Amino acid sequence: MTVVCLGAHILDVLGRPVTDIPSGQGRRVLDEIRVTAAGTAGGTAVDLAKLGVEVASIGPVGDDTTGRLLRTLLAEHGVDTSGLAPRPGAATPATMLPVRPNGERPALHAPGAMGSLTADDVDLDLVAAADALHVGGPDVLGAFTAEALPGVLAHARAHDTLVTTDLLSVPRPGLLDEFANLWPLIDVFLPNDDQLRLLTGLDDLQDAAGLLRRAGVGTVIVTCGGDGALVVSDAVVALVPAHDVPVVDTTGCGDAFTAGYLTGRLRGEDLLDAVRLGNAAAALVAGGLGSDAGIVDLSSTLDLRDRHVGRAPPGPDTVRRSATAPAPEVD
Ligand SMILES: Nc1ncnc2c1ncn2[C@@H]1O[C@H](COP(=O)(O)OP(=O)(O)OP(=O)(O)O)[C@@H](O)[C@H]1O
Ligand SMILES: [Mg+2]
């Protein structure tokens, strides 16, 4: 199983617990501070590598110490970092995350080199040879997204490489139309619930997923935090519940979900089992600080999925074929 993760690779600096930012030159002592390789592409790459998938990263970084540290962190997990393109004079994308006691985390982000990826940075042979191409953060990649990404995705699909995509940021107005020529090239789109609502202007997640599917997306999987994930495909509309776990920090849960889902999918599992593997991987990440926390390997993640309370094969009562019916819960 090989996956190319293309897009946002970010160095995260996280601290917990942070209840407030001290005024003036005030000081707080924290329990824990960590530095991790993260971002919608980078965080997914690390989790995929932990799950035993061969991963290559493609994305813009600076030629600075932060970039070298990011590369080291990715490489320590076994990710091939030769496709990370260092931009002379630019800063590596980085984020500071003060994590609240309940696991929520505001993000203070410096994009640096993020918008500087070019078509020349993408090894099309690597894309063609991969089982999947995950594009993390097409909304923050600047001119690359309009100028080069449609060609990269078309190349992937022409070579039977599955295309998955997730957003990094809060969608800006007009993004739905901006991506009009990308949607038909995306097999699986995995935004979170807030992103999908803002992107489409629709409050109802099934309606919003339906809108994207009419725009050309194959399957929409909306992650809904502690509620789990809503799957909308040709055959299935279902809400797959999250695990009930003590939450330390939800940073990177969406990226872990993508990694678990993709691993299941590449193992040949059916859609809902792959989504359950996504929930299991994300639950592990929620239990520790940072987007690389919790996941150890594939077998322990599969065990967690298969022990998930109430898990049963979906039957006709739990999975319906209508995109408008209320999403039944499956577990
Ligand atoms: N409180 C929680 N309890 C259990 N599982 C959770 C919780 N929050 C998130 N998850 C798991 O993580 C998945 C992704 O979460 P979420 O929808 O918050 O992603 P996200 O906002 O895209 O995160 P990020 O962009 O930081 O990676 C959920 O579908 C769920 O499986
Ligand atoms: Mg996300």
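All ligand and atom numbering here is 1-based and tracks the order in the structure. Along the sequence shown, residues are numbered consecutively beginning with 1. The model shown is predicted, which means the values in this text are computed figures rather than measured ones.
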Check whether the side chains of D292 and T36 place a donor and an acceptor atom closer than 3.5 Å, and report yes or no.
->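 On atom types as modelled, these side chains do not qualify, holding no pair under 3.5 Å.
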Answer yes if the side chains of S300 and D297 hold a donor-acceptor pair under 3.5 Å, and no otherwise.
->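 Note: S300 and D297 side chains meet the donor-acceptor criterion.
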Please classify the [X] to ligand 1 contact at 4.0 Å (heavy-atom distances, strictly less than): side chain, backbone, both or neither.
X: C224; result: backbone
X: R276; result: neither
X: H243; result: backbone

When you measure from atom 27 (O) of ligand 1 to every protein heavy atom, which one gives the shortest distance, and what is it?
->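 Here the closest protein heavy atom is G254 N, 2.7 Å.
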Closest non-hydrogen protein atom to atom 18 (O) of ligand 1, residue and atom name please, with distance?
->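 Answer for atom 18 (O) of ligand 1: G225 CA, 3.6 Å.
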Charged N-O contact under 4.0 Å between [X] and [Y]:
X: R267; Y: D273; answer: no
X: R28; Y: D20; answer: yes
X: D306; Y: R276; answer: no

Which of the numbered atoms in ligand 1 are under 4.0 angstrom from any heavy atom belonging to [X]?
X: A282; result: 11 (C), 12 (O), 13 (C), 31 (O)
X: G252; result: 24 (P), 26 (O), 27 (O)
X: V245; result: 4 (C)
X: V247; result: 1 (N), 2 (C), 3 (N)
X: D255; result: 27 (O)
X: R105; result: 23 (O), 24 (P), 26 (O)
X: N279; result: 29 (O), 30 (C), 31 (O)

Do ligand 1 and A229 have nitrogen or oxygen atoms that lie under 3.5 Å from each other?
->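 There is no such contact.
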Anything under 30° is parallel, anything over 60° is perpendicular, the rest tilted; go ahead and classify H243 against H308.
->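 Because their plane-to-plane angle is under 30°, the rings of H243 and H308 count as parallel.
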Fit a plane to each ring of H155 and H159, take the angle between them on a 0 to 90° scale, and name the class: parallel (under 30°), tilted (30 to 60°) or perpendicular (over 60°).
->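 Tilted: the ring planes of H155 and H159 meet at 30° to 60°.
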Answer with yes or no whether A286 contacts ligand 1, where contact means a heavy atom under 4.0 Å from a ligand atom.
->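 A286 does not count as a contact of ligand 1 under the 4.0 Å cut-off.
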Please confirm whether A283 comes under 4.0 Å of ligand 1, counting heavy atoms of the residue only.
->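 The answer is no: ligand 1 sits nowhere under 4.0 Å from a heavy atom of A283.
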Does some side-chain heavy atom of V231 sit less than 4.5 Å from a side-chain heavy atom of Y261?
->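 Sidechains of V231 and Y261: no contact.
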Heavy-atom check, side chain of V55 versus side chain of L74, under 4.5 Å |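 V55 does not reach L74 side chain to side chain.
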